[in-house]
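This structure is a prediction, so every number in the text was calculated from the model and none was measured.
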Amino acid sequence: MRKHINRLGVRTASALVAMAFATQAAWALAPFKVQDIRVEGLQRVEPGTIFASLPLRVGDEYNDEKGAAAIRALFALGLFKDVRLEATGNVLVVVVEERPTIADVEFAGTKEFDKDTLKKAMRDVGLTEGRPFDKALADRAEQELKRQYINKSLYGAEVVTTVTPIERNRVNLTFTVTEGEPAKIKDIRIVGNQAFSESTLKGLFDQDTGGWMSWYTKSNRYARAKLNADLETLRSYYLARGYLEFRIDSTQVAISPDKQDISITINVTEGQRYVVSGVKLEGSYLDRDDEFKSLITIRPGEPYNADKVAETTKAFTDHFGNFGFAFARVEAVPEIDRENNRVALVLRAEPARRAYVRRIQVSGNNRTRDAVVRREFRQYEASWYDGDKIKLSRDRVDRLGFFTEVNVETQEVPGSPDQVDLVINVVEKPTGSLQLGAGFSSAEKVSLSFGIKQENVFGSGNYLGVDVNTSKYRRTLVFSTTDPYFTQDGISRTLDLYYRTAKPYQHQGGDYELVTAGASVRFGVPFSENDTVFFGGGLEQTQIKSGTNIPAAYLAYAREFGDTSWSLPLTIGWSRDNRDSALAPNSGRYQRLNTEWAVAGDARYIRGNYQYQQYIPLNKQYTFAFNGELGLGKGMNGQPFPVFKNFYSGGLGSVRGFDQGTLGPRDVTGASLGGPKKVTLNAELIAPFPGAGNDRTLRWFAFVDAGNVYGENDNWELSELRASAGLGLSWISPLGPLRLAYAQPVRKFAGDRIQKLQFQIGTSF
């Protein structure tokens with residue numbers, strides 16, 4: 001006869017309590033010696049799982065305490081909906097009812113979130129195919145899903161969880177979502193402001209009541225995190241203008257009954273405006289007080305400015321770091337004179353202890369090898385901590401162009417107060433690209449270009465690229481590879497193979513062709529942290545294939561020197577780069593000088609090109625950029641400058657708004673010949689796209705371009721410069737880098753070919 005010993009379920013809290021009382025009576029049985037253990041009710045769970053979890057073994061004495069422990073252990077597995085212990089004679093029978101297994105998890109009605117992302121989130125919490133179904137876990141997932149919709153301003157979103165039983169004790173789990181319309185900010189009010197107008201203060205916020213770009217920026221959707229950021233912006237605005245005691249008293253967020261409109265009210269107290277009466281130093285400054293005083297940007301007589309105070313304390317901390325004091329503490333203590341609305345600042349410094357770097361670690365580089373990052377570092381392990389070298393190292397890593405973010409974190413070494421570890425945290429970006437370029441003009445209608453590039457082949461830091469231009473009139477095939485560390489000392493090597501053809505535009509008529517093929521090798525030798533000298537050589541052949549309407553300049557050159565010319569050009573150049581980033585520079589300067597001297601062959605010439613770029617940060621968002629380029633070529637040994645080595649200008653990369661490569665001298669047939677003299681000037685005001693914050697991957701720019709190409713016997717006439725102005729967009733999109741420019745020529749001449757819209761887009765991998 002089978003005796004009932006114990007039973008415990010988890011259906012409801014009340015059932016648990018009732019069963020607890022019932023089992024107390026059931027447990028009050030005389031103990032017995034277990035001669036055998038049998039398990040009933042298993043479908044998918046292995047019997048070994050049961051036996052491994054039981055605190056009882058054959059031969060043990062059964063009692064109430066061991067019975068309760070056995071039930072708790074089996075329920076703790078999370079595999080069973082019900083567990084009973086029964087006895088048949090001296091045989092212990094474990095009767096279980098397995099939880100149903102999840103067969104599938106589906107989402108219906110979700111538009112705001114990607115279904116694959118949601119499924120991954122469910123897997124992380126245990127709601128996935130093959131796992132036991134837990135109702136409590138499903139309820140928590142439903143509440144978390146609702147919370148995520150609230151973060152997206154979808155306050156009316158409803159989530160219904162449906163559990164559908166199917167064969168073999170399995171269930172399908174479906175989350176059905178009715179998202180509804182997002183709640184939008186109807187009104188923002190600031191109460192208590194007197195020094196600045198409400199419209200001025202509201203203009204500081206990322207959140208607003210909507211505008212023409214709200215469909216993209218979603219700036220009229222309320223989010224608590226964004227509101228907190230806006231409040232910090234408001235506080236910083238006042239503190240930077242002398243309002244030392246400014247405070248935000250309260251913030252009320254009200255939502256309409258239909259959950260569609262949100263009103264925000266911010267109550268502030270401005271306080272008095274304070275002027276700095278003086279700045280003094282206290283503490284230890286390593287007997288370098290004058291050096292630290294030169295770093296102070298706070299000036300007596302000016303309104304208190306929290307930004308300048310933070311700038312000064314950071315400069316002090318960084319300067320301490322240059323001498324190895326990685327943990328220096330600098331505190332700005334205000335001494336307030338409320339009667340006269342003045343404040344004196346005391347800068348207290350405590351250098352603490354000098355430290356050296358024990359270890360340098362690289363984090364976040366899933367593709368790029370550690371060595372590629374480490375070789376750019378100028379702070380070495382087992383050396384004294386040096387703030388300047390660490391900043392230089394960070395900038396060098398950023399200039400690689402492989403990462404969207406580069407940060408260096410200093411960590412203390414437990415038990416070693418004089419040691420630190422440096423962790424380089426990077427966020428990788430796709431460095432390979434399939435590029436498609438396009439342009440529209442009356443001459444070519446549509447011209448296309450194609451390229452495949454990998455700036456970081458196999459994570460090695462090497463560059464490999466193939467450029468193909470499919471233009472009907474100007475075709476190009478270029479193969480290029482660069483090893484930036486051809487030697488361990490950082491000497492780079494670049495190999496180029498190229499083949500180019502040029503034909504006349506259709507409206508010009510003619511079927512002549514200019515074919516150029518060649519190869520070159522170039523080495524780059526770093527002479528300082530920012531300066532590199534390049535030298536190399538190559539072999540090039542140019543063939544002028546005669547045909548109808550061939551330009552007189554080409555025909556004359558072919559008659560005098562032959563229709564096929566070859567040359568052996570030697571190259572030497574120099575570059576200096578101290579920009580803060582190669583991806584999207586905000587500050588710094590870039591200079592490049594290239595010269596090419598054909599020392600042998602049919603064509604003898606010398607050709608030089610100088611480029612200067614300057615990036616000036618106007619504030620945290622806006623950057624002014626200037627680019628200037630000057631080119632000059634001259635024939636040698638009494639020969640004219642070869643027409644096929646001419647500079648060209650017009651289009652993206654030079655003077656936007658004009659057809660690519662069409663500025664400068666022309667033949668009597670109307671063909672653009674380029675010229676041995678070139679000047680290009682570009683000015684841009686760069687800013688993050690509205691609503692994109694400080695995201696460097698999406699920026700707009702306003703620009704002004706000027707430039708031209710001159711013939712060998714022409715003077716550098718400023719009156720001949722072409723100029724344009726316009727707007728552009730730069731976006732590292734999911735499909736790849738995109739750059740679009742719309743330009744309006746503001747200085748043009750008769751016969752100029754106009755191309756107002758130009759863009760380039762690529763697909764990254």
Side-chain angles (χ1 to χ4, degrees), residues 449 466-480 494-505 508 510-522 536-573 594-609 631-650 660-678 709-713:
S449 63
V466 178
D467 286 320
V468 180
N469 191 324
T470 64
S471 167
K472 182 177 180 181
Y473 306 106
R474 298 184 184 277
R475 296 183 177 178
T476 302
L477 174 61
V478 179
F479 172 83
S480 179
T494 299
L495 300 173
D496 292 310
L497 295 172
Y498 52 89
Y499 181 86
R500 301 184 180 96
T501 65
K503 295 180 179 181
Y505 288 104
Q508 299 171 357
D511 57 359
Y512 67 91
E513 189 173 8
L514 185 67
V515 180
T516 303
S520 67
V521 59
R522 184 171 68 254
L539 182 65
E540 184 175 270
Q541 176 185 286
T542 302
Q543 182 180 7
I544 301 174
K545 293 185 177 180
S546 299
T548 58
N549 289 344
I550 183 172
Y554 289 172
L555 189 59
Y557 190 90
R559 286 174 179 172
E560 185 172 356
F561 303 103
D563 57 7
T564 300
S565 299
W566 70 272
S567 62
L568 183 67
L570 301 181
T571 59
I572 186 169
N594 288 327
T595 59
E596 184 179 325
W597 181 23
V599 297
D602 302 322
R604 300 291 186 90
Y605 63 91
I606 187 169
R607 187 175 187 260
N609 187 74
L632 180 63
K634 185 175 180 58
M636 306 294 290
N637 294 350
Q639 297 182 12
F641 187 73
V643 291
F644 45 79
K645 300 300 293 184
N646 280 342
F647 295 102
Y648 289 87
S649 182
Q660 201 77 28
T662 59
L663 297 184
R666 293 184 185 170
D667 192 75
V668 292
T669 63
S672 298
L673 299 176
K677 303 174 184 178
K678 173 186 175 181
V709 174
Y710 300 90
E712 189 167 14
N713 298 319

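Side-chain atoms of Thr542 do not come within 3.5 Å of backbone N or O of Ser565 as any donor-acceptor pair. In this structure, Tyr648 contributes its side chain and Leu673 its backbone to a donor-acceptor pair below 3.5 Å.
Nearest heavy-atom pair, Asp602 versus Gln639, reported as atom, atom and distance to 0.1 Å: O-OE1, 3.2 Å. Here the closest heavy-atom approach between residue Ala603 and residue Ser567 is recorded as O-CB, 3.6 Å. Nearest heavy-atom pair, Gly573 versus Asn594, reported as atom, atom and distance to 0.1 Å: CA-OD1, 4.0 Å. Nearest heavy atom pair, residue Ala598 against residue Arg604, reads O-CD, 3.5 Å. When all heavy atoms of Pro665 and Val709 are compared, the closest pair comes out as CD-O, 3.4 Å.
Remark: Lys545 NZ to Asp563 CG distance equals 10.5 Å, nearest 0.5 Å. Atom NZ of Lys678 and atom CG of Leu632 lie 13.0 Å apart (nearest 0.5 Å). With rounding to the nearest 0.5 angstrom, the CG atom of Leu568 is 11.5 Å from the CH2 atom of Trp597. In this structure, OG on Ser480 lies 8.0 Å from CG on Leu495, to the nearest 0.5 angstrom.
Contact of the Tyr499 side chain with the Val515 side chain is registered, since non-hydrogen atoms from C-beta on lie closer than 4.5 Å. No side-chain heavy atom of Glu596 sits less than 4.5 Å from a side-chain heavy atom of Asn609. Two residues are said to be in side-chain contact when any heavy atoms from C-beta on lie closer than 4.5 Å; Leu477 and Leu497 fail this criterion. For the pair Pro676/Asn646, a side-chain contact is recorded, criterion being any heavy-atom separation below 4.5 Å from C-beta on.
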* Show the numbers, then the answer: is there a side-chain contact (heavy atoms from CB on, under 4.5 Å) between Arg522 and Asp496? => CA-CA 9 Å; Arg522 184 171 68 254; Asp496 292 310; 3.8 Å; yes
* To do: Take Thr476 and Tyr498 through the test side-chain contact (heavy atoms from CB on, under 4.5 Å) and record every step on the way to the result.
  => CA-CA 8 Å; Thr476 302; Tyr498 52 89; over 6 Å; no
* **Verdict with reasoning, Arg500 to Leu514, per side-chain contact (heavy atoms from CB on, under 4.5 Å)** => CA-CA 8 Å; Arg500 301 184 180 96; Leu514 185 67; over 6 Å; no
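Figure legend: cation-pi geometry between Arg607 and Phe647, with NZ or CZ positioned under 6.0 Å from the six-membered ring centre and within 45° of its axis.
Among the candidates Phe641, Phe644, Tyr605, the single residue satisfying the ring-ring contact (aromatic ring centres under 6.0 Å, His included) test with Tyr557 is Phe644.
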